[in-house]
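Structure first, commentary second.
Order of listing sets the numbers, starting from 1, for every ligand and every atom in it.
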Amino acid sequence: MTTEDSTLFQPPVPGFKSGYVVLVGRPNVGKSTLMNAFLGEKLAIVSNKPQTTRHRLLGIYNDEGSQIVFLDTPGIHKPKEALNQFMVDQALSSIGDGDLIVVLLPADEMFGQGDRFIMERVRQSGVPFLALLNKIDLVKPDRLQIAWNHFEELTEGAVAQVAISALKEAGLEEVLQVIKDQLPEGPRFYPEDVLTDRSENFLLAELIREKVIRFTREEIPYATAVRIVSVEEKDPENPIVVHGAIAVERESQKGMLIGKGGEMLKRIGTNAREEMERIHDRKFFLDLKVEVRKNWRKDPKQLRRLGYTEDLA
Ligand SMILES: Nc1nc2c(ncn2[C@@H]2O[C@H](COP(=O)(O)OP(=O)(O)OP(=O)(O)O)[C@@H](O)[C@H]2O)c(=O)[nH]1
Ligand SMILES: [Mg+2]
């Protein structure tokens with residue numbers, strides 16, 4: 001049965017709430033962490049380095065009285081490369097798409113031009129927005145009061161303003177309640193067992209990319225792209241065999257990614273494989289190779305080949 005078929009057969013339930021909620025903010029404010037916290041699963045990859053998310057990603061939350069389709073987006077920033085332009089376009093073009101926008105601001109950093117630009121676009125969309133001051137666990141009470149005052153002013157007009165910690169899961173129940181209050185009555189758009197719109201290969205590639213970002217430094221996290229070359233699944237007795245390729249922009253980056261005696265690539269591979277095994281409760285065999293695609297971040301053709309294209313599933 002396709003998703004569409006199952007919605008067709010879903011009788012409308014009075015009082016059932018459903019809709020699309022778009023998460024926006026500058027890079028590193030905790031959008032993906034927040035979506036994962038609501039889902040109770042690690043769907044979106046997360047890192048302490050900015051510009052981790054590169055695509056829009058649906059995460060579907062279900063409970064008895066509601067279905068909330070969250071849309072995680074890349075952090076909005078000043079784009080330098082074609083890749084960054086793609087990322088920012090993914091976010092900006094999503095702003096007006098939902099029933100509600102959730103805009104995140106960091107309590108532990110000064111707000112700047114980037115945040116003001118985002119607020120402008122949020123207001124221009126005409127979609128109601130909920131404003132969240134995230135990472136409150138990182139600041140002392142007096143500093144928090146100052147941040148809150150600025151936040152209140154910057155996000156004026158929000159349907160609600162809430163201070164939260166996505167990481168410590170503080171304040172999230174209140175946020176969930178505000179979201180439900182804002183959503184219209186409607187059907188479940190997706191069957192209850194569907195978590196996302198992305199393919200398994202996309203999620204596997206993202207997991208590998210997360211480990212690259214975590215373990216490497218300087219330009220490497222930004223200059224890498226991961227694609228899944230093949231996945232072979234014979235029977236439940238045997239491991240699932242995944243072949244992946246990590247693209248970098250230069251030979252020197254390839255050397256750094258592989259590391260002395262192959263140590264770095266091994267570390268990335270082992271960590272990614274262990275997480276795949278935890279998630280799927282199955283054995284995996286993961287083989288990774290590194291390929292040089294010269295300046296791929298600037299080249300629209302290469303970007304498309306690496307999955308930075310609108311029509312990816
Ligand atoms: N202390 C603390 N850290 C947080 C909180 N929320 C997120 N983080 C951390 O902030 C970093 C960025 O989190 P992400 O969820 O990847 O941020 P993002 O907004 O999705 O970032 P991009 O994908 O780059 O736009 C990670 O190291 C998170 O663990 C929070 O409430 N408190
Ligand atoms: Mg993210």
Check this for me: does any side-chain nitrogen of one of D115 and R26 sit under 4.0 Å from a carboxylate oxygen of the other?
yes
Ring-plane angle category for H55 and Y308, please: parallel below 30°, perpendicular beyond 60°, tilted otherwise.
parallel
Protein residue, atom and distance nearest to atom 29 (O) of ligand 1, heavy-atom basis
L167 CD1, 3.8 Å
For K49, does the NZ atom sit with more than 12 other heavy atoms under 6.0 Å from it, leaving out its own atoms?
yes
Can R198 and E206 be counted as an ion pair, charged N to O under 4.0 angstrom?
no
Have a look at ligand 1 and work out which part of D137, if any, has a heavy atom under 4.0 Å from it: side chain, backbone, both or neither.
side chain
Test item, P50 contacting ligand 1 (heavy atom, 4.0 angstrom):
yes
Under a 3.5 Å cutoff, is there a donor and acceptor pairing between the side chains of N271 and E275?
no
When L23, V175, I60, V21 are each screened for side chain to side chain contact (heavy atoms under 4.5 Å, CB included) with F38, the one that passes is V175
Which bit of I136 is near ligand 1, meaning a heavy atom under 4.0 Å away: side chain, backbone, both or neither?
neither
Numbered atoms and elements of ligand 1 in range of S165, under 4.0 angstrom, heavy atoms
30 (C), 31 (O), 32 (N)
Is L138 touching ligand 1 with its side chain, its backbone, both, or neither, if touching means heavy atoms under 4.0 Å apart?
side chain
What protein N/O/S atoms lie closer than 2.8 Å to the Mg ion (ligand 2)?
S32 OG, T53 OG1
among protein heavy atoms, the one nearest atom 27 (O) of ligand 1 is N48 CA, 3.3 Å
If hydrogens are left out, which of Q51, K135, M87 has an atom nearest to atom 24 (O) of ligand 1, that is, the closest non-hydrogen atom?
Q51
Which protein heavy atom lies closest to atom 6 (N) of ligand 1, and at what distance to 0.1 Å?
N134 ND2, 3.2 Å
Under-4.0 Å heavy-atom contact with ligand 1, by part of A44 that carries it:
neither
Does the side chain of S94 come under 3.5 Å of the side chain of R56 through a donor N or O and an acceptor N or O?
yes
For ligand 1, is any non-hydrogen atom under 4.0 Å from K31's backbone (N, CA, C, O), its side chain (CB onward), both, or neither?
both
Could you list the atoms of ligand 1 found under 4.0 angstrom from a heavy atom of V29?
17 (O), 19 (O)
Using modelled atom types and a 3.5 Å cut-off, is there a donor and acceptor pairing between side-chain atoms of Q90 and backbone atoms of F86?
no
Taking the minimum heavy-atom distance to atom 20 (O) of ligand 1, which of S32, P74, P27, G30 ranks first?
S32
Is there a polar contact, in the sense of an N or O pair closer than 3.5 Å, between T73 and ligand 1?
no
I'd like to check whether T53 has a polar contact with ligand 1, where a contact means an N/O of the residue lying under 3.5 Å from an N/O of the ligand.
yes
Going by the atom numbers of ligand 1, which of them fall below 4.0 Å from some non-hydrogen atom of S47?
11 (C), 12 (C), 13 (O), 16 (O), 26 (C), 27 (O)
Residue, atom and distance of the protein heavy atom nearest atom 21 (O) of ligand 1 read N28 N, 2.9 Å
Full working for side-chain hydrogen bond (donor to acceptor under 3.5 Å, both in side chains) between T53 and S32:
CA-CA 8 Å; T53 303; S32 302; 2.9 Å; yes
Salt bridge R227-E291, side-chain N to carboxylate O under 4.0 Å:
yes
Distance-only polar pair, side chains of T33 and N36, donor-acceptor under 3.5 Å
no
When you compare the side chains of Q182 and D99, does any donor N or O come within less than 3.5 Å of an acceptor on the partner?
no
Here the atoms of ligand 1 under 4.0 Å from any heavy atom belonging to G75 are 25 (O)
Is there at least one pair of N or O atoms, one from T33 and one from ligand 1, spaced under 3.5 Å apart?
yes
Between CD1 on residue I208 and CE on residue M276, distance to nearest 0.5 Å:
4.0 Å
Lys/Arg-Asp/Glu bridge criterion (N-O < 4.0 Å) met for R267, E263:
no
Can the ring centres of F70 and Y20 be said to be less than 6.0 Å apart?
no
May I ask you to check if ligand 1 and I45 share an N or O to N or O distance below 3.5 Å?
no
Ignoring hydrogens and angles, tell me if any N or O in the side chain of Q67 forms a donor-acceptor pair with the backbone of K17 under 3.5 Å.
no
